[in-house]
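Side chains are part of it too, since the values below use all heavy atoms of this structure and drop only hydrogens, waters and symmetry mates.
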Amino acid sequence: MKHLKLLMLFCSVAFTAAAQQFSGSGSGTAEDPYRITNADQLNEVRNVCGPDVFFSLEADIDMSSWLNENSPVTGWKPLGSGSEPFEGTFNGNGHVISNVWIDIFSDTAGLFGNATNAKLYGINIENANYNIENGGTLGGIVGILRENSAISDCSFQGELFSWTNDIGGIVGTSYADITNCHVKETKIGTSGWINNFGGIVGSLYGNISGCTFQGFMKCGNGVGGIAGHVEGDFIEDCHVDETTMTLASNFGSFGGIVSSFNAGGNGGRISKCSFNGTITAHGTYPVAVGGIAVSVSDNALITGCYTSGSISVEGRNMESFVGGILRSSTSSTQVINCYSNVDVETFGYGGGISASNNGTIRNCYFYGKVSGNTVGGICADNSGSITGCVAANAALSGVVAGRIAGVNTGTLETTQNYALAEMEVTVGGELQNVVDSPENGTARSKADLMKQATYRAMEWDFTNTWKIDEGTSFPYLPDFYVPVTEITLNNAGVSLDKGLTLGIVATILPENAHNTTVLWSSSNASVATVDCNGLVTAIAAGEAEITATSAGSPEVKAICQVTVNQKLVETIALDKTELSMEKGATWQLMATVMPEDADDKSVTWISSDTGVATVDDNGLVTAVEAGSATITATTNDGSNLSANCSVTVTDPTSGIDNVGVGNVDVSTAKGRIMISGKSGDVPVVVYTLTGQLVHSGNENVIDVTGSSLYIVRIMGNSYKVFVP
């Protein structure tokens, strides 16, 4: 009984001490966790943690004021150290801890420093800034996460800088699996030769899945967008997007997802992972880069992965290796059902899928660009097997180049791999005329490479794995399909003269959209037409809408309003600028309108004095009374051009002017007047003595009715003749 009383007293004292060390509510059990609502209580977690203790974050916490008051020099002291690690279960419940900063010389750091037997869930950190000058492991959530632990559903946003190995946006070094963690808008950096940096974890001895990174990394060696180094069974469903990675030393390795993946020779897989971003290395020594991974262990499988963006190695070292998916593989490594749209630029070895292949590459394709010394659309240096692959890249440039493989000592069959027929292959600066071969594959047109049947012939699985927008896209993995969200045109509205052409350029967003085919159409092809490349041709005056429609996302469109200008008249001229007419005579004026292809060549005829002369809609002038008038023809198309003819009308019955024969002879016969000595187009007018018009024309023989005296007017001269 005495011993029982002492035990009860000890438990009572221990519980009272724990309660005093944590000011919040709760007892630390699973059913009644310690409830954290402010910065003081968050700091007090270190006092009461243990393997069976539970914590629950109940509110968002802004650490700014607390740190300025309690630790203005070094900032936050991580929960848990090497000698006294954090233990317990901490549930962040999705709340946000913001404005945490750490500035120390040497230690393992994060919100948690060193943790073991720890379960960390739902912790979100924003606007953090951690800096370690020398030594220690750094993680956004936890520095080192040891065995018998777990971490999931956490996020980090801020800046991490360290002169030490093993830095990760979530964990520096982890011996536990990492699941569904996300880092965004984060900078991770160092200077010089520092190893194992990852957007999520620096070094991982476990598995990772469902994680994402977006931000900027300037690091040394062993850098991965998700993990620097992994020893585990799988990396799955992890994605790096809108990220820039740059080398901070003269030598190093960069992987879009992971730098090195080691499953201990037992296989392991990297599956359903993607990278979209920019990797730039400036090393003067050999640099190794892989869009997904740099190196993987024996028997490893990379499958269902995708990369886009650009990779460039600017150091002039011919031993640098760059691959759109993988840097290099062992004889038992397989890369299957992957594709890349990365632009690869290096002075060394560059391959659309792998720089160096000793294993198997099957059912993969590439459609970026490659330039370097030794280059290949699929692989730069192949000593393994490449089958059922497609190099759909538009350009390939190197000193040694092959559409499929630059150098081949392995297994390639011409008919088992295809290459874009339109691909421009440049060797030593000169464009090549490439023929089909094992290294170059079989040439197929772009249209063929956008047909499912082309790939089925190489045993691609379009039931369970691949999809394609028939006729408008290359194949894609549905998990990574990036739809077009916006189309912009370089012209929203243009004005064209008839017959001219103009190329309209469509910009697709996002840049890594899978189906970039644009379908062009015109709302009025009689006004303007457009071809499949956006070349508009002005046909006739009017307006038309030229529409660019995404082939993969038909609801996404952009419109250019095209106005085709009317072709205006440039000149107008009349066949006569002066006319002398006798009363009652007529004359057909002719208007010549230029250019010939003017849209509206019609004119309006008017007389300045219709009492002297009239003109009809066709330019026929009629002399009415003696006097002067001006006949004007004016264009109707808006050019406001006109031409004039001065008309003088005389009355032949007022007397016979200038009677004489001259060179013209007028004679008569029964019912007929005959004229000789004039040219054929000179007009002749015949009147009766009472002034009645009998004839107007240019004939040389004129029939009249009845025997009588007539007055004949020819070239201003009047002849009085008798017709028997």
Counterpart residues, side chain to side chain donor-acceptor pair (under 3.5 Å), relative to S310 (two or more places apart):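 With neighbours one apart ignored, the set is empty.
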
For Y121, the side chain to side chain donor-acceptor pair (under 3.5 Å) test, sequence neighbours excluded, returns none

Just how far is it from atom [atom1] of [X] to atom [atom2] of [Y], taken to the nearest 0.5 Å?
{"X": "E159", "Y": "F216", "atom1": "CD", "atom2": "CZ", "answer": "10.5 Å"}
{"X": "M217", "Y": "T190", "atom1": "CE", "atom2": "OG1", "answer": "11.0 Å"}
{"X": "I141", "Y": "L120", "atom1": "CD1", "atom2": "CG", "answer": "8.0 Å"}
{"X": "C305", "Y": "I336", "atom1": "SG", "atom2": "CD1", "answer": "11.5 Å"}
{"X": "I404", "Y": "I378", "atom1": "CD1", "atom2": "CD1", "answer": "5.0 Å"}
{"X": "L57", "Y": "L42", "atom1": "CG", "atom2": "CG", "answer": "7.5 Å"}

Checking side-chain polar atoms at under 3.5 Å, does [X] have a donor or acceptor matched by the opposite partner on [Y]?
{"X": "S383", "Y": "N358", "value": "yes"}
{"X": "H239", "Y": "T212", "value": "no"}
{"X": "N114", "Y": "T108", "value": "no"}
{"X": "S259", "Y": "S253", "value": "yes"}
{"X": "D298", "Y": "T330", "value": "yes"}

Write down the atom of [X], the atom of [Y], and the distance for their closest heavy-atom approach.
{"X": "S149", "Y": "A115", "result": "OG-O, 4.3 Å"}
{"X": "G206", "Y": "V230", "result": "O-CG1, 3.7 Å"}
{"X": "G110", "Y": "W76", "result": "O-CD1, 3.8 Å"}
{"X": "V344", "Y": "G351", "result": "CG2-O, 4.2 Å"}
{"X": "G290", "Y": "V294", "result": "N-CG2, 4.0 Å"}
{"X": "A405", "Y": "N382", "result": "CB-CB, 4.2 Å"}

Please list all pairs passing the ring pair (Phe, Tyr, Trp, His ring centres under 6.0 Å) test where one or both residues lie in residues 292-345, with sequence neighbours left out. Y306-Y339, Y306-H514, F321-Y349, Y339-Y365, Y339-W466, Y339-H514

Verify, without hydrogens or angle tests, whether [X] (side chain) and [Y] (backbone) share a donor-acceptor contact under 3.5 angstrom.
{"X": "T303", "Y": "L301", "answer": "no"}
{"X": "N417", "Y": "I386", "answer": "yes"}
{"X": "S312", "Y": "E314", "answer": "no"}
{"X": "N393", "Y": "G377", "answer": "no"}
{"X": "S152", "Y": "T179", "answer": "no"}
{"X": "S473", "Y": "N515", "answer": "no"}
{"X": "S340", "Y": "F366", "answer": "no"}
{"X": "T465", "Y": "F462", "answer": "no"}
{"X": "D461", "Y": "T463", "answer": "yes"}
{"X": "S297", "Y": "A263", "answer": "yes"}

Taking atom [atom1] as the centre, does [X] end up with more than 12 heavy-atom neighbours from other residues, nucleotides or ligands that are less than 6.0 angstrom away?
{"X": "K119", "atom1": "NZ", "answer": "yes"}
{"X": "E424", "atom1": "CD", "answer": "no"}
{"X": "Q157", "atom1": "CD", "answer": "yes"}

Report yes if the side chains of [X] and [Y] come closer than 4.5 Å at any heavy-atom pair, otherwise no.
{"X": "V322", "Y": "R327", "result": "no"}
{"X": "Y418", "Y": "T454", "result": "yes"}
{"X": "V407", "Y": "V400", "result": "yes"}
{"X": "D62", "Y": "D60", "result": "no"}
{"X": "I178", "Y": "L204", "result": "yes"}
{"X": "V518", "Y": "I508", "result": "yes"}
{"X": "S354", "Y": "V335", "result": "no"}
{"X": "V183", "Y": "I200", "result": "yes"}

Verify side chain to side chain donor-acceptor pair (under 3.5 Å) between N127 and S98, making sure each step is shown before the conclusion. CA-CA 6 Å; N127 198 33; S98 60; over 6 Å; no

Suppose we screen for side chain to side chain contact (heavy atoms under 4.5 Å, CB included). Which residues come up paired with N196, at least two apart in sequence or across chains?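 Partners of N196 under the side chain to side chain contact (heavy atoms under 4.5 Å, CB included) test: D166, S203, H229.
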
With sequence neighbours excluded, what pairs up with N180 under the side chain to side chain contact (heavy atoms under 4.5 Å, CB included) test?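 D153, H182.
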
So which pairs with a foot in residues 234-245 pass salt bridge (charged side-chain N to carboxylate O under 4.0 Å, His left out), sequence neighbours left out? E236-R269

Intermediate values then yes/no, side-chain contact (heavy atoms from CB on, under 4.5 Å), I61 and H95: CA-CA 8 Å; I61 299 176; H95 288 295; over 6 Å; no

State which residue, out of N276, D343, N341, fulfils the side-chain hydrogen bond (donor to acceptor under 3.5 Å, both in side chains) condition with S308.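 For S308, the side-chain hydrogen bond (donor to acceptor under 3.5 Å, both in side chains) test succeeds with only one of N276, D343, N341, which is N276.
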
Begin with the C-alpha distance, continue with both residues' side-chain angles, and end with the deciding distance and a verdict on ring pair (Phe, Tyr, Trp, His ring centres under 6.0 Å) for Y130 and F156. CA-CA 12 Å; Y130 302 169; F156 179 85; 5.6 Å; yes

Criterion ring-ring contact (aromatic ring centres under 6.0 Å, His included) against F474, the qualifying member of Y455, Y481, Y367, W460: Y367

Please walk me through it: do N131 and I102 pass side-chain contact (heavy atoms from CB on, under 4.5 Å)? CA-CA 6 Å; N131 180 65; I102 301 172; over 6 Å; no

